[in-house]
Engineer: 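Quick one: structure below, then a few questions.
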Amino acid sequence: MNSDLYCDILVNKLKPGIRNKRRGKLSKGVIFLHDNARPHTSCKTLSTIIKLGFEVLEHPAYSPDLAPSDYFLFGLLKKELKGKRFDSDEDVQKVVQDFFHTLPKSAYKEGIYKLPERWRRCIETQGTAHRWYENVEEKINSWDILVKMFSQNFGHHVTQKDQLAENLKTRAQGKEETSDYYIQDVLHLCREVNPAMMENEIVAHLTKGILEEIYQSIIILDIATIDEFIKWCRKIEASNKKRVNKRVVFDRLPNVAAIDSADSKSMEDLIRRIVREEVHRTLNPESTTPEPSSLKEII
């Protein structure tokens with residue numbers, strides 16, 4: 001691989017592939033991640049990336065643990081090729097291409113979703129690991145000893161499990177974070193903490209950290225599965241976006257009296273109750289609960 005071939009792949013394969021498979025992505029902006037191999041950092045490659053309009057996500061040197069292709073994809077490929085013999089380069093290419101084509105989309109997604117957690121671990125150990133090495137450098141006289149000592153200090157399985165459990169315990173959806181991203185991150189944490197975790201427990205973890213505006217709508221639903229949780233979160237999120245987009249803003253006079261904070265709280269509670277009752281009636285059309293005849297009865 002050299003710069004000429006790499007640039008040709010970017011221009012004639014990657015860009016058309018994004019255009020065909022992720023329509024609209026090129027206009028919205030592509031965040032591009034690759035490692036620091038020489039063909040990736042040459043002047044010609046940098047110039048090509050600028051012309052393509054890609055934003056390069058910086059990648060620290062010598063960090064295969066932060067490159068999805070290294071920590072995820074190539075490991076699976078090695079398992080697929082292990083023990084097999086090939087008579088020609090064409091046979092190897094066919095097997096590799098077939099492997100990539102048959103790997104489910106969920107597998108690629110899972111590999112990418114592991115990246116933020118790996119970034120977090122890298123940030124947390126950046127200063128600590130360097131200081132540790134300075135303290136024990138004199139005791140290290142071989143690579144095997146370095147690996148063993150490093151694993152003892154930073155690779156302890158129980159410590160990692162405890163940290164992941166704490167992350168799961170406190171994970172909450174960010175205000176600008178989509179419910180899909182939040183859900184996938186929590187599912188990853190649940191799987192890391194306990195691969196045999198029951199589905200109802202996973203749903204409980206998802207529910208406790210979801211945005212309040214979604215929580216208030218799903219709490220009245222009898223959600224028992226992850227698929228149901230995802231379905232309803234998407235519906236509620238889409239509905240909220242429609243309401244925001246259709247909202248008409250009218251000019252207001254500066255001398256209009258403000259709502260008292262106590263009245264505002266009461267009004268919020270009233271609106272929340274009305275919305276809950278509407279959702280309940282929509283989901284349970286056969287319900288025999290008598291409807292209030294006036295707003296006064298609701299209040």
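Only heavy atoms go into these numbers, but all of them, side chains included; no hydrogens, no water, no symmetry mates.
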Engineer: Go through the structure and list residues passing ring pair (Phe, Tyr, Trp, His ring centres under 6.0 Å) with Y182, not counting sequence neighbours.
Structural biologist: none

Engineer: Quick check: is I230 connected to I220 through a chain of hydrophobic side chains (ILVMFWY, heavy atoms under 4.5 Å apart)?
Structural biologist: yes

Engineer: Given the side-chain rings of F99 and H101, with only the six-membered ring counted for Trp, is the space between their centroids under 6.0 Å?
Structural biologist: no

Engineer: Could you tell me whether a side-chain N or O of T45 sits under 3.5 Å from a main-chain N or O of P39, the two making a donor and an acceptor?
Structural biologist: yes

Engineer: Please examine the side chains of V30 and E55, heavy atoms only from C-beta on, and report whether any two atoms are closer than 4.5 Å.
Structural biologist: no

Engineer: Find the distance between CD (E199) and OG1 (T225) and round it off to the nearest 0.5 Å.
Structural biologist: 5.5 Å

Engineer: What class does the angle between the rings of Y6 and F32 fall in, given that below 30° is parallel, 30 to 60° is tilted and above 60° is perpendicular?
Structural biologist: tilted

Engineer: For the CD atom on E138, are there more than 12 heavy atoms of other groups (residues, nucleotides or ligands in this structure) within a distance under 6.0 Å?
Structural biologist: no

Engineer: Taking all non-hydrogen atoms of both residues, which atom of T41 and which atom of L46 are closest, and how far apart?
Structural biologist: O-CD1, 3.7 Å

Engineer: Tell me whether the count of non-hydrogen atoms from other residues, nucleotides or ligands lying under 6.0 Å of CZ in R191 goes above 12.
Structural biologist: yes

Engineer: Give the minimum heavy-atom separation between H34 and I49, together with the two atoms involved.
Structural biologist: CE1-CD1, 3.7 Å

Engineer: Is the NZ atom of K84 crowded by more than 12 outside heavy atoms at less than 6.0 Å?
Structural biologist: yes

Engineer: Write down the atom of L221, the atom of S217, and the distance for their closest heavy-atom approach.
Structural biologist: CG-O, 3.9 Å

Engineer: Report all side-chain donor-acceptor pairs from residues 202-211 shorter than 3.5 Å, counting only partners two or more places apart or in another chain.
Structural biologist:
{"from": "T207", "atom 1": "OG1", "to": "V203", "atom 2": "O", "distance (Å)": "2.7"}
{"from": "K208", "atom 1": "NZ", "to": "L168", "atom 2": "O", "distance (Å)": "3.0"}
{"from": "K208", "atom 1": "NZ", "to": "K169", "atom 2": "O", "distance (Å)": "3.3"}

Engineer: May I ask you to test the F86-L81 pair for a side-chain heavy-atom distance under 4.5 Å?
Structural biologist: yes

Engineer: Report yes or no: do W143 and V136 belong to one cluster of Ile/Leu/Val/Met/Phe/Trp/Tyr joined by side chain heavy-atom distances under 4.5 Å?
Structural biologist: yes

Engineer: Check whether E228 reaches the backbone of A224 with its side chain - one donor and one acceptor, N or O, closer than 3.5 Å.
Structural biologist: yes

Engineer: Any chance you could measure Y215, atom OH, to C233, atom SG, to the nearest 0.5 Å?
Structural biologist: 12.5 Å

Engineer: Just wondering, are more than 12 heavy atoms of other shown residues or ligands nearer than 6.0 Å to CG in N12?
Structural biologist: yes

Engineer: Got a second to check how far K231's NZ is from I236's CD1, nearest 0.5 Å?
Structural biologist: 10.5 Å

Engineer: State the CD1-CZ distance between I214 and R234, to the nearest 0.5 angstrom.
Structural biologist: 12.0 Å

Engineer: Drop me the distance from T48's OG1 to L52's CG, to the nearest 0.5 angstrom.
Structural biologist: 6.5 Å

Engineer: What's the separation between atom CZ in F229 and atom OG in S179, rounded to the nearest 0.5 Å?
Structural biologist: 8.0 Å

Engineer: If you define the side chain from C-beta out and look only at heavy atoms, does anything of N2 sit under 4.5 Å from L5?
Structural biologist: yes

Engineer: I'd like to know if the side chain of D8 and the backbone of D4 have a donor-acceptor N/O pair within less than 3.5 Å.
Structural biologist: no

Engineer: Inspect the surroundings of CZ in R19 and state if more than 12 heavy atoms from other residues, nucleotides or ligands are less than 6.0 Å away.
Structural biologist: yes

Engineer: For salt bridge (Lys or Arg N to Asp or Glu O under 4.0 Å), just list the numbers for D98 and K94, CA-CA rounded to whole Å, side-chain angles, deciding distance to a tenth of an Å, and then say yes or no.
Structural biologist: CA-CA 6 Å; D98 290 344; K94 184 179 186 308; 2.9 Å; yes

Engineer: State, with a plain yes or no, whether a side-chain heavy atom of F54 is found less than 4.5 Å away from one of I31.
Structural biologist: no

Engineer: Just wondering, do E137 and I140 contact through their side chains at under 4.5 Å, heavy atoms?
Structural biologist: no

Engineer: Between Q97 and Q93, is there a side-chain donor-acceptor contact under 3.5 Å, judged purely by atom types and distance?
Structural biologist: no

